[in-house]
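FYI, side chains are in, hydrogens and waters are out, and symmetry mates aren't considered; it's all heavy atoms of this structure.
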Amino acid sequence: MLARQQRLPGWAGPMAVLLVVLLPAVTQAFSGLWRTLEPERQQPWRRLDVAPSSPVFQQAARAALHYFNYRAASPSTFRTLKQVRSGTAWVNAKKGQRFDMEFTIESYKPELNEERLGTCSALVIFKNHKPKPTVNITCTRLLDEKEREQKDYVLYKQMKQLKRPPDGTRIPGNLGHMDSSLQPMWDLAMVGSSYVMWEKTSQSLYYYMMQLSGVKQWITRGDFINFNYTVLLHEFSTQEIIPCQIHLLWYPGKPLKIRYHCQDPGTQEEGSGNGEGSAENPTEILSNF
Amino acid sequence: MPIGDGGPALLWLTMRGLLGLSLLLAATSSQKVFSGDQVLRIKAKDEKQLQLLRNLDISEYLKIDFWHAPARPSLPVDMRVPFSNLKAVKNYLNSRGISYAITVEDIQVLLDEERKGMMASRRLERSTSSFRYNSYHTLEEIYTWMDNFVVEHSNLVSKLMIGQTFEKRPIFVLKFSTGNRTRPAIWIDSGIHAREWITQATGVWTAMKIATDYGEDPVLTRILNHMDIFLEIVTNPDGFAYTHSMNRLWRKNRAINSNSSCKGVDPNRNWDSGFGGVGSSNNPCSETYHGPFPHSEPEVASVANFIQKHKHFKVLISIHSYSQMLLYPYGYRKEPTPDNEELHNLARKAVEALSQVHGTEYVYGRTISTIYVANGITIDWAYEHDIKYSFSFELRDTGIYGFLLPASQIIPTAEETWPAILTIVKHAYDNPY
């Protein structure tokens with residue numbers, strides 16, 4: 001009769017009980033799945049309580065400047081860090097560290113006997129202990145466009161007069177002495193090394209350029225300065241000295257074309273890379289050499 | 001790489017030969033050497049020989065650097081061969097009848113203008129009046145200067161030998177004292193890291209400054225009338241000698257490590273304070289290798305033993321470069337010392353005094369948060385052995401020249417560092433404990 005139609009299957013009762021019991025676990029499982037699908041929801045950026053003078057800001061600012069100096073490819077307006085004025089630092093356990101800062105820079109050119117000051121603001125994102133941070137940076141102009149081109153061109157002309165230094169020449173020499181005529185070569189080496197240092201910098205590893213330990217090639221190829229050199233980088237946090245061979249092409253106002261190969265100490269992999277500011281195929285660089 | 005006319009049999013032989021060569025080299029060489037590299041010039045007789053030369057480029061272990069790559073048989077091939085691979089490469093060339101000439105015998109030894117200048121002035125000096133404080137010197141020159149210095153200021157200065165290095169060089173300390181019983185004392189060391197040349201140079205200038213200013217500067221005179229100053233200028237003589245002869249960027253001492261072809265222990269990771277933690281390395285090839293056990297290194301043990309036997313040191317200042325920082329403990333742990341506030345304020349005053357001289361800006365703070373985590377460092381050990389005022393200087397610059405600071409900056413650096421040192425020492429004198 002009616003009762004029969006209204007009767008639930010025998011297992012319905014126990015099933016209902018089971019469902020009620022299991023429901024929290026099931027919801028957990030689903031939200032867990034949700035969490036892995038949308039990690040940002042559950043992994044917030046935590047603000048780091050550090051002063052702008054702290055080393056983390058210094059490193060981030062230097063990384064940003066390495067990138068800027070590489071992209072600008074302008075030896076006459078090469079910028080070095082003066083002071084981090086303000087900044088906020090965020091850390092995310094899964095993603096890495098992020099720095100938003102403002103810092104002052106200076107551009108000192110002993111050979112032109114001038115010093116200029118400026119400011120930059122930058123956003124630097126380090127992906128968890130991986131090198132080559134993402135950098136967004138803008139800096140105040142040190143010179144207007146035309147002046148900068150002129151000064152770079154002056155350096156370029158000086159470079160064209162230079163001969164490759166004799167084998168075994170170290171720049172600076174072991175006593176820190178650098179012949180003033182070689183200053184333009186050092187300036188260009190710094191631009192190239194900036195690219196390498198940007199690519200190698202991570203949360204824990206940062207670099208300074210110590211010495212040009214060898215110049216394999218210094219010639220003008222067509223109009224470009226063709227510069228192949230070995231540089232010794234000081235890896236600050238580990239105190240290691242890393243030799244890198246860098247090969248670049250430069251012409252004032254044009255983006256830098258560059259390849260490099262570093263010898264990393266101990267357990268690290270050898271790192272190399274190449275980059276250009278233009279879309280030109282890297283193998284074309286080889287055929288021109 | 002395209003293989004030319006060799007034919008399959010020659011190719012196979014060549015590859016096998018190269019493989020054997022590479023494996024041999026991989027097994028034997030593990031340390032980077034910058035000097036002793038040679039440049040070989042080869043005139044290949046024919047295309048076959050050229051190909052054999054090109055094949056040398058394939059091997060990563062040989063690390064041959066072609067300055068003039070194999071192009072045509074009539075053109076010479078110049079290649080730079082790293083020192084460690086010279087024998088193997090020359091054997092390879094000889095066994096294939098490829099003749100070569102050595103055009104550069106040792107790349108390291110070549111043209112360095114100031115090096116020549118240094119050699120010119122390397123005469124045995126009889127007095128310190130002609131000593132050039134604005135120039136870098138060798139170990140022998142500094143030791144000679146020390147002897148002259150002690151003779152000229154014998155009423156104030158004496159030279160002590162506190163031990164011997166790994167390679168059996170004497171370790172000297174200058175003692176500035178106006179009394180004859182054991183007094184509260186100040187310890188200053190420089191050159192614990194060989195490549196930080198500005199520090200040994202600053203140490204020499206500072207010694208001269210102390211001797212000159214005693215009796216002239218009321219603050220220093222008062223201090224020296226009640227306290228002694230001990231100054232160890234070359235704390236790592238073996239390493240320092242090595243930076244002159246072989247590798248300008250050497251940091252550690254020259255200890256031979258068992259089970260490794262890599263030499264050297266980082267003397268500033270070898271102290272018995274937080275020894276062996278993450279702020280140091282257990283790999284002998286690393287620049288921050290801490291050594292087999294605390295104070296295993298004679299350069300460290302000699303200082304530690306001297307300080308402990310003396311029992312009355314109140315200040316310890318350890319001088320390094322570069323970064324422009326003034327640091328105090330700890331380097332190995334996050335927690336500040338109980339004296340943090342006092343040390344922090346003192347550091348600020350010292351840094352202000354420094355900047356008054358030439359406008360140089362320093363950063364200051366606890367080692368771990370200002371520079372990086374470091375285990376087994378001098379000032380942590382000193383602090384934990386009752387030397388409250390333990391500071392570490394990182395002198396000029398901030399990375400433009402780094403370790404290769406031009407000699408023209410020696411005197412300005414030393415001039416500005418002195419008031420900072422004096423500030424710390426004066427505070428200790430005014431606050432006896």
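Taking the six-membered ring wherever Trp is involved, the centroid distance between the rings of B/Y401 and A/Y208 does not fall below 6.0 Å. Not less than 6.0 angstrom separates the ring centroid of B/Y136 from the ring centroid of A/H177.
Put simply, CD1 on B/I371 and OG on A/S54 are 12.5 Å apart, with the number rounded to the nearest 0.5 Å. Atoms NE2 and CG, on B/H137 and A/L175 in that order, are 10.0 Å from each other to the nearest 0.5 Å. The CD atom of B/E287 lies 6.5 Å from the CD1 atom of A/I241; values are rounded to the nearest 0.5 Å.
Residues B/T288 and A/T238 are not in side-chain contact: their nearest non-hydrogen atoms beyond the backbone lie 4.5 Å or more apart. Side-chain contact between B/L404 and A/M178 is absent, with no heavy atoms from C-beta onward closer than 4.5 Å. Between A/R62 and B/T398 the shortest side-chain heavy-atom distance falls below 4.5 Å.
Atom CZ of A/R98 has 12 or fewer neighbouring heavy atoms from other residues, nucleotides or ligands inside a 6.0 Å radius. Counting heavy-atom neighbours within 6.0 Å of A/R85 CZ, excluding the residue itself, gives a total of 12 or less. Within 6.0 Å of CD on B/E361 lie no more than 12 heavy atoms contributed by other residues, nucleotides or ligands.
Most heavy-atom pairs under 4.5 Å with chain B: of the set A/Q83, A/M210, A/Q58, this distinction falls to A/M210.
Heavy-atom distances place both the backbone and the side chain of B/S286 under 4.5 Å from chain A. Both the backbone and the side chain of B/F403 come within contact range of chain A, with heavy atoms under 4.5 Å apart. Interface residue B/Y322: backbone and side-chain heavy atoms are both found under 4.5 Å from chain A. Only the side chain of A/Y206 comes within contact range of chain B, judged by heavy atoms closer than 4.5 Å.
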Evaluation steps, side-chain contact (heavy atoms from CB on, under 4.5 Å), between A/F236 and B/S323: CA-CA 10 Å; A/F236 203 81; B/S323 277; 3.2 Å; yes
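For the 3.5 Å distance criterion, the side chains of A/Q239 and B/R195 qualify, holding a donor opposite an acceptor.
Across A/P55 and B/S369, no two heavy atoms sit closer than the pair CD-O, 3.1 Å.
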